[in-house]
Amino acid sequence: MKTTVGPDTIDVAKAVETLLTEHDGPASLSMAEFIEVLRQRTGTDRSDADLKALVAKKAAVLGIVMA
């Protein structure tokens, strides 16, 4: 049996940027909490490792330090 996963129906990278730049921002969230909020908002099935890398990359570009 072969399982395939289709592409996300929402732009997860854009959602990460939006979450990172919100006023209450990521300063109060750990990486795990941030990923949980991201999953709730986007419904993505991406792995935790993939999301962690994406969040870290976007945060670095925006000059935001994640806990």
> Can you find a pair of side-chain heavy atoms, one from V12 and one from L38, that are under 4.5 Å apart?
Replying inline: yes

>> Are L20 and F34 packed together at the side-chain level, in the sense that at least one heavy-atom pair is separated by less than 4.5 angstrom?
In response: yes

> Does the pair T21 and L62 meet the rule for a side chain to side chain contact (heavy atoms under 4.5 Å, CB included), with working shown?
Replying inline: CA-CA 9 Å; T21 57; L62 295 170; 4.0 Å; yes

>> I want to check something: taking the side chain as every heavy atom from C-beta on, are T42 and V16 in contact at a cut-off of under 4.5 Å?
In response: no

>> Applying side-chain hydrogen bond (donor to acceptor under 3.5 Å, both in side chains) as the test, list every pair that has at least one member in residues 51-67; sequence neighbours left out.
In response: E17-K58

>> Using the side-chain hydrogen bond (donor to acceptor under 3.5 Å, both in side chains) criterion, which residues pair with D48? Sequence neighbours excluded.
In response: R39

>> Tell me every residue that passes salt bridge (Lys or Arg N to Asp or Glu O under 4.0 Å) with E36, counting only those two or more places apart in sequence or in another chain.
In response: none

